[in-house]
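For reference, the structure discussed in these notes is given below.
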Amino acid sequence: MLLDLEGELNSPQLEAVRTAEGPLLIIAGAGSGKTRVITYRIARMLERGIPQHAILALTFTNKAAREMEKRVRELTGKKLQSLTVSTFHAFGVKILRKEIEALGYRENFSIYDETDRTELIKESLRESRLGADRLNRACLYALGELFSNIKTGRYTWADAPGTEAAPDPSAYEGVYREYQHGLKVFNALDFDDLLVLPIELFEKHPETLAKYRNRFRYIMVDEFQDTSLIQYRLLKLLALGNSPGSGAAGESGLPNICAVGDDDQSIYSWRGANYENLLRFEEDFPGCREIKLEQNYRSTTTILEAANGVIAHNTRRKEKTLWSGNTGGRPIVLHHPENESDEAGFIAAQIKEHMMREGLHYGDFGILLRTNSMTRAIEEALLESNIPYRVSGGQSFFSRKEIKDIISYLKVIANFHDDINLMRIINTPRRGIGKSTVELISGAARKNQGPAGGNRDSTRGSQGSAGGNRGSLWSAMERLVRLPEGVASPLPAKTRGELDVFMSMLEAFRERILSDPRNLAEKIRNLTDKIDYWSYLVAEFGREEKTARWKFANIEYLIQSVEHWENDPDNFETGLYAWLNRISLITNSRDDDDGDTGKVNIMTIHAAKGLEFPVVFIAGAEEGIIPHTRSMEEDGEDPGAPEEERRLFYVAITRAREKLYITSCARRRRLQDVITCAPSPFLEEIPSHLVLLYNEGGETENSVEAVDFFAQIRGQFS
């Protein structure tokens with residue numbers, strides 16, 4: 001199959017595809033077709049007779065690797081039996097499965113996940129007599145991050161910053177050695193080893209490095225701005241060898257390595273990514289050719305001009321200007337709602353209006369947030385408007401454990417024979433009902449089920465049943481706990497007492513809630529107090545009081561949303577059953593296949609990278625959210641911190657194809673407090689002629705007033 005390069009590619013893309021020999025740096029702006037360039041580049045190499053096994057293409061996610069390989073297969077019509085398209089870590093595993101015995105490991109090594117790593121760290125602390133039991137989960141995680149940074153060379157023991165878990169990191173150097181020893185003893189690798197050990201292998205065994213360098217004579221790296229220093233070291237070894245001039249050279253006399261990336265989209269420094277690798281590449285590969293892809297195929301001129309206006313304020317970047325053949329475009333709408341509830345209501349209303357006016361589908365909308373904690377008001381508003389949605393790159397508000405726990409209590413109060421939710425709450429908070437008790441109750445329930453899963457009789461069970469529930473867990477508990485006098489129970493007396501108190505409490509709340517459907521929110525608050533959920537959170541999270549407070553605040557928000565729903569004059573049906581039916585859209589939704597209509601996409605900006613939507617909402621464009629206070633504080637005096645936050649805002653803007661809305665609240669709830677908010681300083685960097693202020697009457701005001709608005713807000717906070 002001959003490739004139609006001239007018909008499918010623009011001039012810079014064509015130049016990049018045809019440049020197969022020597023080092024090449026492709027600066028690919030947002031939406032400029034970089035994946036197309038990479039796949040056509042591989043396809044053209046194969047068309048020229050370069051063997052599949054000589055090509056190595058590295059990217060960052062399995063999904064991206066599969067997509068790349070699929071496109072190459074479609075372009076060439078070939079079976080790709082020996083082409084290596086892989087993530088960095090999967091490539092490391094591939095090498096180690098064949099070569100690891102040279103490092104003293106056995107071939108059938110295990111790969112530890114986060115849980116395994118934490119357990120080994122705890123064991124290493126015990127071996128070092130430092131008391132693993134006094135460290136909570138957050139501290140153990142922080143210790144794992146410290147070990148990762150030491151192992152990958154991001155820090156040394158001398159310059160590693162102190163944390164709450166390790167104020168003096170060097171005090172844990174012995175624990176780290178014990179941890180490393182444990183990995184070797186158990187013939188296990190952690191995630192970092194998948195990159196660290198191939199480098200160690202290549203540096204200690206030049207003949208092994210030579211074997212892989214002679215094989216992979218053409219190397220390509222996607223999303224190069226997201227590579228870490230250790231990933232870059234691995235690439236350098238493969239391309240250049242152990243010493244300058246030792247690398248396998250192509251026809252040009254230079255190594256054949258192609259890096260594709262965009263420094264303006266480098267947003268992962270918190271996990272080790274270093275956009276300065278783009279600059280290192282030019283230094284380490286002299287004679288490197290640079291090609292810029294600046295034509296954007298995604299967005300309108302308006303959106304690109306806004307993005308260019310923002311990112312131009314970064315000084316540590318390669319100069320480029322995105323442009324689009326899709327000239328014009330609708331203005332960017334800036335809305336300044338009173339609070340997060342008004343913000344969420346505005347977003348839901350705009351989605352409805354666009355769908356009605358333009359025939360868009362739910363999947364055409366993206367709602368982008370700086371953090372996962374911002375989803376709850378938006379989920380509530382979409383739910384209220386019967387708008388289906390999915391939360392990507394984070395957890396849905398209604399999927400959070402503390403929320404599911406309270407909803408499970410309410411579902412059991414509504415139906416005592418809801419076994420799934422009863423199992424969830426029977427020992428939450430802990431009330432001394434262990435596994436053996438649950439097994440005994442479950443066994444008693446099974447004995448009363450018919451041969452096909454039905455019940456032995458259809459007599460009416462306990463309160464709340466409609467009959468035919470003798471095989472439920474609730475019915476089994478009644479038979480085991482509430483026995484006639486003189487009849488022995490297989491349950492210990494203490495356990496019987498705990499179960500009886502538990503059941504009586506649920507029965508009492510059922511009576512209160514169902515006898516009078518009013519004031520449901522207050523009754524849920526009383527239920528939360530009755531089960532003492534706050535003490536449960538404190539016990540669960542130990543010294544992490546902030547986490548416990550945040551989770552309890554989520555429950556309070558749930559209660560407030562019920563109160564708001566009850567007081568809505570347009571709501572003609574209240575009560576427990578109506579409310580549970582209302583949220584079932586979310587809590588029971590398991591199907592992601594909604595035909596053409598899809599679901600509205602709620603996601604963090606980080607999770608949105610690489611995606612695009614016709615209509616995008618950037619919510620919470622406020623000082624302290626974007627740029628985020630925590631990010632700025634953690635990075636201290638690092639001049640790159642505000643630049644990365646600006647790059648994040650740039651990525652958010654460039655997800656929009658046709659229409660962009662940005663909201664900035666006047667006030668926002670943080671835990672138990674309501675704080676006054678200032679708009680993000682990045683908003684002022686958008687050229688004012690591109691912005692229209694939203695008018696509550698449904699119209700938009702002109703751009704001159706947008707400038708006045710920023711001046712007014714600045715005055716409030718000066």
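Remember, it's a predicted structure, so these values are computed and weren't measured experimentally.
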Step-by-step salt bridge (charged side-chain N to carboxylate O under 4.0 Å, His left out) determination, R667 to E343: CA-CA 10 Å; R667 273 165 284 280; E343 174 184 60; over 6 Å; no
Salt bridge (charged side-chain N to carboxylate O under 4.0 Å, His left out) contacts touching residues 89-99 (sequence neighbours left out): E99-K211
Gap between atom CG of L125 and atom OG of S128 - 0.5 Å precision: 6.5 Å
Closest contact, heavy atoms only, F147 versus Y172: CE1-O, 4.0 Å
Audit row: L146, Y155, side chain to side chain contact (heavy atoms under 4.5 Å, CB included) steps and yes/no: CA-CA 9 Å; L146 170 64; Y155 296 119; 5.8 Å; no
Check against side-chain hydrogen bond (donor to acceptor under 3.5 Å, both in side chains), T84 and S86: CA-CA 6 Å; T84 302; S86 169; over 6 Å; no
Test log, rule side chain to side chain contact (heavy atoms under 4.5 Å, CB included), inputs F281 and C288: CA-CA 8 Å; F281 187 88; C288 166; 3.6 Å; yes
Trace of the side-chain hydrogen bond (donor to acceptor under 3.5 Å, both in side chains) decision for Y650 with Q265: CA-CA 8 Å; Y650 169 85; Q265 296 187 76; 5.7 Å; no
Approximate separation, where rounding is to 0.5 Å, of F88 CZ and T227 OG1: 6.0 Å
Flag side-chain contact, heavy atom, 4.5 Å: D284 against Y232: yes
Side chain H606, main chain I267, donor-acceptor under 3.5 Å: yes
Interatomic spacing from CD in Q231 to CG in N274 - rounded to 0.5 Å: 11.0 Å
Y557 atom OH, over 12 foreign heavy atoms within 6.0 Å: yes
Listed once per pair and sorted, the salt bridge (charged side-chain N to carboxylate O under 4.0 Å, His left out) pairs that draw on residues 174-201, sequence neighbours left out: K151-D190, K151-D193, E173-R177, E200-K204
Salt bridge (charged side-chain N to carboxylate O under 4.0 Å, His left out) between E290 and K318, intermediate numbers included: CA-CA 11 Å; E290 182 179 299; K318 282 185 166 291; 2.9 Å; yes
CD1-CG distance between I653 and N308, expressed to the nearest 0.5 angstrom: 9.5 Å
Spatial distance of atom CD1 (I675) from atom CG (N339) [nearest 0.5 Å]: 12.5 Å
Any side-chain heavy-atom pair of E685 and R646 under 4.5 Å: yes
Verdict with supporting geometry, F216 and F91, ring-ring contact (aromatic ring centres under 6.0 Å, His included): CA-CA 12 Å; F216 296 116; F91 179 63; 5.6 Å; yes
For K404 against F398, the heavy-atom pair lying closest together: CG-O, 3.3 Å
Over all atoms of both residues, closest heavy-atom pair of L195 and H89: CD1-NE2, 3.6 Å
Verdict with supporting geometry, S680 and E622, side-chain hydrogen bond (donor to acceptor under 3.5 Å, both in side chains): CA-CA 4 Å; S680 168; E622 298 145 27; over 6 Å; no
Test applied, salt bridge (charged side-chain N to carboxylate O under 4.0 Å, His left out); reference residue, E540; option that passes from K551, K401, R430: R430
Verdict with reasoning, R400 to T375, per side chain to side chain contact (heavy atoms under 4.5 Å, CB included): CA-CA 11 Å; R400 291 170 184 165; T375 66; 3.4 Å; yes
Shortest non-hydrogen contact between V651 and R655, atoms and distance: O-NE, 2.7 Å
Pi-cation contact, F202 with R233 (under 6.0 Å, within 45°): no
Test item: V616 and L368 side chains (from C-beta on) under 4.5 Å apart, heavy atoms: yes
Any side-chain donor near an acceptor of the partner, D263 and S266, under 3.5 Å: no
L56 CG to M220 CE distance, which is reported to the nearest 0.5 Å: 8.5 Å
Check: E644 side chain, S269 main-chain N or O, donor-acceptor pair, under 3.5 Å: yes
Residue pair S408 / I425: nearest heavy atoms and the distance that separates them: CB-CG2, 3.6 Å
Donor-acceptor pair between N314 and R317 side chains, under 3.5 angstrom: no
Least distance between heavy atoms, P337 atom then S664 atom: CD-O, 3.5 Å
4.5 Å side-chain heavy-atom contact, V260 and L25: no
Close side-chain approach of R66 and N62, heavy atoms under 4.5 Å: yes
Contact list for residues 102-114, test salt bridge (charged side-chain N to carboxylate O under 4.0 Å, His left out), sequence neighbours left out: E114-R117
Stepwise salt bridge (charged side-chain N to carboxylate O under 4.0 Å, His left out) check, E276 with R316: CA-CA 9 Å; E276 291 183 347; R316 302 161 73 181; 3.1 Å; yes
Any I367 side-chain heavy atom under 4.5 Å of M603 side chain: no
D405 vs R424 side-chain heavy atoms within contact, under 4.5 Å: yes
Worked check of side chain to side chain contact (heavy atoms under 4.5 Å, CB included) between T528 and I559: CA-CA 10 Å; T528 306; I559 294 168; 4.2 Å; yes
Check against side-chain hydrogen bond (donor to acceptor under 3.5 Å, both in side chains), E402 and N554: CA-CA 8 Å; E402 63 275 14; N554 281 338; 2.8 Å; yes
Any Y268 side-chain heavy atom under 4.5 Å of F60 side chain: no
Derivation of the salt bridge (charged side-chain N to carboxylate O under 4.0 Å, His left out) call for K122 and E119: CA-CA 5 Å; K122 286 166 70 175; E119 287 304 310; 3.5 Å; yes
